[in-house]
Q: 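Starting off with a structure, shown below.
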Amino acid sequence: MSAQAPLPPEYFDRPTLEVARDLLGCVLMSDSPAGRASGRIVETEGYIARIDPAAHAYRGRTVRNAPMWGSPGHAYIYFTYGMHYCTNVVTEADGVAAAVLIRALEPLEGLDLMAERRGVENPQLLCAGPARLSQALGLDARLSGAPLQGPDVFIYPGEPPTEIVATTRIGISRGKDLPWRYYPVGSPWVSRK
DNA sequence: TGAATGATGTTT
DNA sequence: AACATCATTCAT
C-alpha cells in the first residue's frame, strides 16, 4: 500500500477553465492539530482576471488578491461578507491572475471534525458552498498563499466524472453570462442545482 | 421551494 | 456601497 502523491504545481499551470473541469473528482484535504478532513471536489468556478469583471483581480493587484497573481498550485483564500472565507486554487503562470473557486465537496474523511467546526450534523450541510467547505476544512486567511502540496492543504488526483454540466456562476453581479461553473451531472452534493 | 433579511467586516 | 455567503424566518 502506497500513499497517493498530491497534484504537482504544473497541473495548475494550464488554462483555468480546463483546470476547473479537471478538478472535479479530485480530493481536497486539510491537516491540522485538530485532525484531518477531506472531500471530493464536485463544484468549481473559473475566474480569469484579464477578461472577467467578476474576478477579484480584474482591477489590478491588491494585498488581498496577491496570491491570484502568484504561482499556480497555491491557495487563494479570501474573507467576505464580514464572516466567511472562500477557497480558490491559483491557476496559470506566475504573473497571470486567475483561479478556480472550490464551491462544494462530497465529504470523505473527518466528518466529525467538520461537524464540530461547522456547528451542524447534517452531512449535506457540511461542504455544500464555498464558505461552508472552507469552514469544514479549517481554511482561512492564514492559509492564503499556501502551497497545495502540503503540509497544511493538499489536492490529490481522483476519479473524473463521466459527464459535466456547465452553468453561469453563482453570487456575482458582473460577468453573469459566462458559463464558467462546473459540476458532475446528477451530483447530490452541489451547493445549488 | 423560494423570498426576505440580519449577521459581520473588508474593500473600493 | 458593494461584496465569488450563510442561517433563519416567513410565505407559498
Side-chain angles (χ1 to χ4, degrees), chain A residues 12 15-21 23-24 28 30 37 39 41-70 72 74-92 96-107 111 114-146 148 153 155 165-183 186-193:
Chain A
F12 302 93
T16 298
L17 303 182
E18 194 177 306
V19 177
R21 289 186 294 264
L23 279 175
L24 297 177
L28 178 63
S30 70
I41 297 171
V42 294
E43 184 181 344
T44 59
E45 286 178 356
Y47 287 87
I48 306 170
R50 197 178 75 79
I51 56 174
D52 177 12
H56 285 170
Y58 182 64
R59 301 211 157 92
R61 184 177 190 132
T62 66
V63 173
R64 178 171 78 153
N65 70 36
M68 274 189 86
W69 301 83
H74 290 248
Y76 165 48
I77 302 175
Y78 65 88
F79 182 69
T80 190
Y81 289 103
M83 55 175 72
H84 299 301
Y85 293 95
C86 296
T87 302
N88 297 253
V89 307
V90 176
T91 56
E92 314 258 1
V96 177
V100 173
L101 174 68
I102 309 299
R103 283 199 57 93
L105 307 175
E106 171 192 348
L111 271 71
M114 291 184 186
E116 183 183 328
R117 285 169 168 155
R118 292 270 302 113
V120 303
E121 290 293 333
N122 185 348
Q124 292 285 357
L125 298 180
L126 291 178
C127 297
R132 286 169 171 170
L133 73 89
S134 296
Q135 183 179 36
L137 267 59
L139 306 177
D140 59 30
R142 301 186 321 260
L143 290 170
S144 192
L148 297 171
V153 199
I155 293 186
V165 184
T167 75
T168 54
R169 297 171 294 179
I170 291 176
I172 56 173
S173 59
R174 298 167 296 171
K176 276 181 163 168
D177 297 331
L178 299 170
W180 292 357
R181 170 175 178 249
Y182 306 101
Y183 62 89
S187 174
W189 300 103
V190 298
S191 65
R192 291 198 218 172
K193 312 231 200 79

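Letters go in sequence order (proteins before strands), and every chain restarts at 1. Quick note: numbers below take in every heavy atom, side chains included, and nothing from hydrogens, waters or symmetry partners.
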Q: 5'-most contact on DNA chain C: A/Gln135 or A/Tyr76, nearest heavy atom basis?
A: A/Tyr76
Q: Which of these nucleotides, C/dC3, C/dA4, C/dT5, is closest to any side-chain atom of A/His84?
A: C/dT5
Q: Mind listing the closest non-hydrogen atom pair of A/Arg103 and A/Leu133 along with its distance?
A: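 Here A/Arg103 and A/Leu133 meet closest at C-CD2, 3.5 Å.
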Q: At 4.0 Å (heavy atoms only), tell me whether A/Arg181 reaches a base, stays on the sugar-phosphate, or touches nothing.
A: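 No contact.
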Q: Inspect the contact between A/Asp177 and A/Arg169 and indicate whether a charged nitrogen and a carboxylate oxygen are less than 4.0 angstrom apart.
A: no
Q: Do the ring planes of A/His56 and A/Tyr78 sit parallel (below 30°), tilted (30 to 60°) or perpendicular (above 60°)?
A: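 Correct class here is perpendicular.
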Q: Classify the nucleic acid contact of A/Ala131 as base, sugar-phosphate or nothing, counting any heavy atom under 4.0 Å across all strands shown.
A: sugar-phosphate
Q: Run the side-chain contact (heavy atoms from CB on, under 4.5 Å) check on A/Val89 and A/Phe12 step by step: do they pass?
A: CA-CA 8 Å; A/Val89 307; A/Phe12 302 93; 4.1 Å; yes
Q: Measure from the side-chain heavy atoms of A/Arg64 and tell me the nearest of B/dG9, B/dT11, C/dT5.
A: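 Taking heavy atoms from C-beta onward, the closest nucleotide is B/dT11.
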Q: Just compare C/dC3, B/dT10, C/dC6 and give me whichever is closest to any side-chain atom of A/Ser173.
A: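 Taking heavy atoms from C-beta onward, the closest nucleotide is C/dC3.
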Q: Quick one: which of C/dC6, C/dT5, B/dT11 gets closest to the side chain of A/Arg132?
A: C/dC6
Q: What is the distance, to the nearest angstrom, from the CE atom on A/Met83 to the P atom on C/dT5?
A: 13 Å
Q: Counting only side-chain heavy atoms from C-beta out, which of B/dG9, C/dC6, C/dA4 sits nearest to A/Arg118?
A: C/dC6
Q: When all nucleic acid strands are considered with a 4.0 Å heavy-atom cut-off, which category describes A/Ile172: base, sugar-phosphate, or nothing?
A: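 If one applies the 4.0 Å heavy-atom cut-off, A/Ile172 turns out to touch the sugar-phosphate alone, with no base involved.
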Q: Return the stacking result for C/dA4 and A/Tyr47: yes when the ring centres lie under 5.5 Å apart and the planes under 30°, no otherwise.
A: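 Yes, A/Tyr47 stacks on the base of C/dA4.
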Q: Answer yes or no: side-chain N or O of A/Tyr81 and base N or O of B/dA7 forming a donor-acceptor pair under 3.5 Å.
A: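 There is none.
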